[in-house]
Every structure is written in structure tokens, then in C-alpha cells.
Amino acid sequence: MPRVVCVAEKNSIAKAVAGILSGGRCSRRDSPNKYIKNYDFTFSFGFSGSSSVTMTSVAGHLTGLDLDQAHGWGKCPIPQVFDAPIVDTRTKDQQKIADNIKKECRNADYLMIWTDCDREGEYIGWEIVQTALQSNQSLQGNVYRAIFSHLESGHIMHAARNPKRLDQRAVDAVRTRMEVDLRSGVAFTRFLTELLGSKVGRDSGSKNDQRPIISYGTCQFPTLGFVVDRFERIRKFVPEKFWFIQVSIPNDNDKTVFQWERGHLFDRLSVAVIYELCLEASGNIARVADLKSKPTTKWRPLPLTTVELQKNCSRFLKMSAKTSLDAAEKLYQKGYISYPRTETDIFPPNMDLQALVQQQSSDRRWGEYAQNLLNGNGPNCFKWPRAGKNDDKAHPPIHPIVSCGEGLDNENEKRVYEYVTRHFLACCSEDSKGHSTTMVLHWGPEAFTANGIVVLERNFLDVYVWMKWETTKQLPNLSVGQEVELLSYLMKDGQTSPPNQMTESELILLMDANGIGTDATIAEHIEKIQQRDYIKKKKVNKQTYLIPTTLGISLVHGFEAIGLEDSFAKPFLRRQMELDLKLICSGNKNRADVVKDLINKYQNYYGLTSTKQVKLIETYTNIKSIM
DNA sequence: GCAAGGTC
């Protein structure tokens with residue numbers, strides 16, 4: 001019988017796929033790595049007929065990239081970093097996993113790649129192929145690639161029966177990113193550490209004269225740039241005075257305040273003239289000009305992605321992005337929630353979501369809510385979630401798998417589980433419904449509006465406890481055309497205020513929108529620039545803000561003073577690389593040209609930076625003296 | 001000792 005080895009990106013996928021292909025009849029063997037298992041069964045592939053199959057996995061990348069020995073830290077002039085030979089490396093864990101693959105493939109006839117169907121997965125597939133060929137050259141030409149986007153059994157069967165080949169263009173694109181990130185990162189990190197490390201070290205009074213690392217990374221710098229940018233906008237902010245008119249009318253024993261439709265104006269005299277006009281024309285009498293009443297809804301959330309999870313854990317639970325992602329990872333490993341790294345905000349149509357809701361019906365906190373959704377009496381019954389626009393073709397939105405009851409003793413995991421579950425139940429609920437009334441008053445030639453909301457059905461809000469939507473005070477009972485005596489009519493002034501410092505939740509949004517990092521790495525970049533002492537967390541009242549340090553501000557301004565064509569601290573460079581990678585994937589550019597162009601650019605920037613390096617030191621010294 | 005990207 002022919003022998004087929006299948007390799008997935010992680011054990012959870014290997015286990016699930018083996019279970020489906022074998023009809024639940026597979027046997028499990030250990031591998032040298034405790035997280036990796038080998039699953040044996042028989043299956044009939046189109047290319048091999050009835051075969052003896054071993055399904056195993058890697059755990060992410062199987063190889064790493066580094067400069068060769070001769071070009072290690074301090075061993076060569078920095079510019080050589082841009083064209084030094086690159087070697088593949090393996091950590092001890094990777095070595096064990098590679099050994100397992102080589103052993104399993106030694107007597108194999110076919111190799112089938114089951115890594116995630118995204119760009120990185122394609123590259124990991126290529127790493128697996130290279131490793132397998134080291135022990136079995138005859139596999140060359142007998143490598144297939146399964147195309148799948150979730151783990152529903154019919155879908156997996158279809159993938160097994162319709163294999164494709166690895167997409168070399170996607171592999172090339174990833175290799176390009178790796179090489180450019182490595183060379184640019186290593187070169188500028190060594191340069192900055194040599195130039196500023198001892199200076200910063202002395203200033204910060206760090207012990208045993210240890211020099212801090214001052215790193216450059218294609219993601220680290222734009223992340224820092226966002227924070228510094230906000231900081232500068234606040235620092236340079238000049239408040240501007242404005243004037244406006246506000247009127248109010250009686251409402252029961254209280255009043256209803258109406259806002260001027262012009263908002264506010266920055267010219268006092270204009271407002272004063274308008275105010276006089278109104279007063280002359282109408283005295284203290286206004287007229288109801290319009291009354292609009294309409295149903296309104298507050299939408300339930302979209303299915304949960306990683307970025308949304310991190311943003312909301314930061315906003316609602318005051319957890320750092322790193323902490324929430326780590327907790328989610330643990331919950332996934334324990335089998336409580338689905339895979340936590342996903343960009344998908346649309347559920348596959350044949351998923352049994354009701355069964356997942358049912359799972360939650362025994363919970364003390366939201367069990368009754370879940371049960372009511374399924375019972376279907378009352379306005380709030382199970383409704384298929386809204387569909388977002390993103391599908392990473394690899395993982396479904398984050399959702400709870402089983403109820404954990406009181407089974408979690410780690411506080412962070414408990415809170416993240418609660419968030420994921422409440423979010424999921426909210427997704428499967430009705431929108432919240434209300435009624436909004438808008439009244440327009442005319443006073444002289446000017447219009448003023450007031451708005452009232454009655455929440456009629458809370459629906460998902462009952463389980464999504466962090467979101468608020470409240471009934472406001474009712475508008476007074478008046479009809480169109482009616483005249484009303486004003487309780488007050490005032491000309492007021494105010495001034496514009498600066499934006500707040502950056503929150504972590506805003507930073508995540510900015511990074512995501514600008515393509516800086518991925519769902520899995522955004523939290524790490526934010527963590528990294530704190531470790532490097534470029535930014536610091538600062539608590540004001542109950543809110544935590546991210547504030548750049550002297551070093552962080554100096555780096556951004558220092559490079560600005562040098563005047564590189566594409567600023568390191570802006571997202572443009574990274575975005576341009578991303579576009580080039582897409583062109584490699586579509587076959588419109590080749591890897592060698594893109595690498596050459598990008599490395600050339602960094603070489604030029606390095607040349608310019610080193611001739612103007614004194615500007616970096618000056619900037620640091622100047623900012624140090626005024627901070 | 002340096003990057004960013006996977007994953008445990």
C-alpha cells in the first residue's frame with residue numbers, strides 16, 4: 001500500500017483532519033515534541049489510491065532566518081549586513097519537529113501539505129517540503145497541497161479529494177518580507193545601539209553599565225510613530241475660542257436644551273449679530289418647525305476577530321492587548337474557545353451555532369439568556385449573526401466551544417472567556433430597538449434641534465453588558481406649528497480642546513487599518529516598544545494612555561531631521577512592501593527584483609543616516625534637556 | 001544581544 005504523509009500547521013488541525021478522513025478510526029503516536037502527535041489511518045486519495053496515511057503537524061514555522069556566523073553582532077562592518085549570506089536556522093524545538101517529519105517521510109511515496117491557507121501557511125508548507133526532501137529525495141514531484149478554509153467534514157473531504165500544488169509565488173512573497181525585515185532590522189538596530197546605546201544607558205542610570213538595545217523594526221517604528229504623532233498634536237494644540245447660541249424650553253419641572261444647527265462659530269461678532277436678529281424677530285417665542293419620529297436600532301456586534309477582541313478587552317476590561325491575547329491562547333489550548341487568531345468576521349453558513357448557544361444555557365451568568373434565545377418566545381430569539389466583509393480563509397470568527405462553568409481559576413482567562421461568550425451570544429441575538437424623536441425649533445431665522453430616545457427592546461444589550469444605550473428624557477409634548485415660550489436663550493462661548501493621548505485600543509485600530517503587524521503580532525509590537533523604553537503606560541483617572549518617552553520622541557524626530565524620503569516612523573514603507581508582496585503573489589513582479597529594490601532603498605537610507613548621524617545625537621540631547 | 005512571522 002502506498003504511504004502518504006500529511007502535515008498541518010498545528011496539532012489541533014492535524015487531529016481534526018485525521019479524525020475526519022479516518023472516520024474517527026485513527027491511532028495516535030507520540031513524536032519527539034510533546035505538542036506534536038502522529039495520527040495513523042488509511043484513506044484513499046485520488047493520486048495514490050488506498051493508502052496508509054500518517055497525519056502530523058509542525059508548530060508554526062519550521063525554520064528561521066539569520067545572517068551567517070561571520071556576520072554576527074559586532075563581527076562585521078554594518079553595511080555588510082545588507083548583502084551578507086543568509087542561513088536557515090532551527091531552534092531546538094524546531095529541530096525535534098523537523099526530525100519527526102524526516103523520519104515519517106523516509107519511506108513515504110507522497111507528501112500532502114495541510115497548512116493554513118494563507119500566505120504564511122504557504123511558506124510553512126515550503127519549509128516542510130524542504131525538510132522532507134532532506135530525508136527522501138524521491139518525494140520531489142509527489143507533493144500536493146490541500147485547500148481548505150474550515151474544519152467542517154464535507155469541506156475537508158473535498159479538500160482531500162481535490163489537491164492542488166504549493167503556490168510558489170506566495171512562498172516567494174513571504175521570503176521577501178523575511179529577508180527585508182531581517183536585513184533592515186539588524187542593520188539599523190546595530191547602528192542605533194552603537195550610536196546611542198551608551199548615551200541612553202548613562203542617562204537612564206542603568207546598572208552594571210549595560211547598554212540598552214535600541215532597535216529598529218519595520219513594524220516597531222510605525223507603531224512608535226503613531227504614539228509620537230498624537231503626543232505632538234496635543235503638545236502643539238492651540239485652543240481656539242468659539243461662540244454659539246443655546247435655547248431651552250420647559251419640560252415638566254425640568255427643561256429641554258436645544259442645540260444650534262450651526263454648531264458653533266469662531267467669530268464672536270457674527271454670533272452676536274445673529275443673536276440680536278433672533279431676539280428682534282421673535283423675542284422669547286420660538287415655533288416648533290418640525291417633529292420627526294422614527295424607529296431606530298443599535299446593531300449587535302459583528303462576529304469576533306482577533307483585532308476586535310484585543311480592542312474591546314482593552315476598552316471594556318482594561319486589559320493590555322498582550323494579556324488578552326495570551327489568555328485567549330490559553331483558553332484555546334484548553335479547548336474552551338475556538339482558534340483566537342483570525343481575521344474572519346463571518347460565520348460559515350453550515351455551522352451549528354444553535355448547538356453552541358445551547359452549550360451556554362447552563363451558565364449561572366448568561367445561561368437563562370442563552371436558553372431564552374433558543375426557546376423562541378419573546379422578541380429576542382436566535383438570529384443568524386451579521387456578516388462582516390473579512391474572511392481569512394483559514395479560521396472562523398472567535399467563539400466559545402464548550403461552557404467552562406466555574407472551571408477557570410485564572411482571573412484573566414475567566415474575564416476573556418466571559419467576553420468571548422457574551423460577544424458570541426450578542427452576535428446571535430436581535431439588534432436593540434428603540435424610537436427616536438427629533439424636534440426642530442425656529443427662533444427668528446435660526447434653527448435648533450433636540451433629540452429624545454426611547455429604548456423599546458434591549459435584546460443583545462442584556463448580554464453585552466459593556467455597551468450602553470439608555471432612554472433619554474422625553475421631549476415635551478408639542479406639535480408642529482405650535483409656539484412656545486423659551487425658558488432661556490443664551491449666547492455662550494467655549495474653546496476647542498486637544499485630543500486625548502493615545503489609548504491602546506486606538507493604537508490597535510491604527511495599526512490594523514495601516515497594515516502594521518498582523519492579528520497575532522500587533523500586541524507584541526506594542527509590548528516591544530515598551531520594553532525598548534520608547535513608550536510608557538500612564539494612568540489618568542481610570543483610563544490608561546500610551547505616552548512616548550524622551551528616547552521614543554527623539555528617535556522619531558531624529559530621523560525626521562535626517563530627512564529620509566519615506567519616514568521610518570510612518571506606515572508608508574511597510575505598506576509599500578505589502579503592495580510589492582501582493583504583486584509577487586499575482587505574478588506581476590518577481591522576488592529577486594523586489595528584494596533588490598527594497599534592500600537598495602534601505603542601503604541608501606543607511607548611507608544617509610550614517611553621514612547625518614550627529615543629528616540623531618543632537619535631537620536626543622535637545623529633547624532630553626527640555627523634557 | 002539585533003526583525004517579523006508562525007506557534008505551545
Side-chain angles (χ1 to χ4, degrees), chain A residues 8-14 31 33-37 57-67 71-76 78 81-82 84 86 89-94 96-97 115-116 118-128 170-171 173-195 197 201 210-223 306 325-326 328-335 339-342 392 394-395 511 515-525 527-529 531-532 568 573-574 577-578 581 598 602:
Chain A
E9 189 162 321
K10 46 195 164 267
N11 178 57
S12 61
I13 301 279
S31 84
N33 179 297
K34 66 173 172 173
Y35 299 106
I36 307 280
K37 307 290 175 192
S57 73
V58 290
H61 281 285
L62 191 52
T63 49
L65 229 55
D66 208 351
L67 303 179
H71 296 82
W73 186 286
K75 287 188 186 160
C76 71
I78 294 174
V81 166
F82 291 110
I86 284 179
T89 61
R90 287 202 221 272
T91 63
K92 283 208 172 84
D93 279 339
Q94 287 173 333
K96 281 184 185 170
I97 298 170
T115 47
D116 294 355
D118 50 28
R119 217 165 60 192
E120 218 65 27
E122 216 63 21
Y123 187 86
I124 293 170
W126 181 82
E127 292 176 336
I128 295 166
V171 174
V174 173
R175 181 75 185 195
T176 303
R177 177 196 53 73
M178 291 173 108
E179 187 173 337
V180 173
D181 283 345
L182 175 69
R183 293 192 193 278
S184 62
V186 167
F188 280 94
T189 300
R190 289 182 190 173
F191 172 79
L192 288 172
T193 303
E194 278 180 21
L195 184 71
Q210 220 176 25
R211 277 197 316 188
I213 300 286
I214 302 180
S215 59
Y216 167 81
T218 52
C219 288
Q220 290 178 31
F221 260 54
T223 305
T306 309
L325 191 55
D326 287 350
E329 176 72 29
K330 284 271 158 41
L331 289 166
Y332 159 69
Q333 285 162 27
K334 293 178 182 172
Y339 192 66
R341 288 187 281 268
T342 175
D392 63 17
H395 306 285
M511 292 173 72
I516 302 302
T518 69
D519 48 13
T521 61
I522 280 177
E524 288 174 28
H525 297 311
E527 191 85 354
K528 177 71 82 180
I529 61 172
Q531 245 176 53
R532 293 278 184 257
F568 276 174
L573 252 178
R574 181 84 201 180
M577 174 159 84
E578 194 57 40
L581 299 188
L598 289 172
Y602 274 103

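Below, chain A is the first sequence line, B the second, and so on; all start at residue 1. Just the heavy atoms: all of them, side chains too, but no hydrogens, waters or symmetry mates, feed the values below.
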Atom CH2 of Trp73(A) and atom C1' of dG1(B) are separated, to the nearest Å, by 6 Å
Residue set satisfying side-chain hydrogen bond (donor to acceptor under 3.5 Å, both in side chains) with Ser215(A), at least two apart, ordered chain then number -> Gln220(A), Arg532(A)
Stacked cation flag Lys96(A) on Tyr35(A), 6.0 angstrom / 45 deg: no
Between Asp116(A) and Arg341(A), does any NZ, NE, NH1 or NH2 come within less than 4.0 Å of an OD or OE carboxylate oxygen? no
Between Arg175(A) and Glu122(A), is there a salt bridge with N-O shorter than 4.0 Å? no
Spell out protein contact along nucleotides 3-8 of chain B as letters: B when the base is contacted, S when just the sugar-phosphate is, - when no protein heavy atom is under 4.0 Å; keep the 5' to 3' order. BBBBBB
Please report whether the ring centroid of Phe188(A) lies less than 6.0 Å from that of Phe568(A). yes
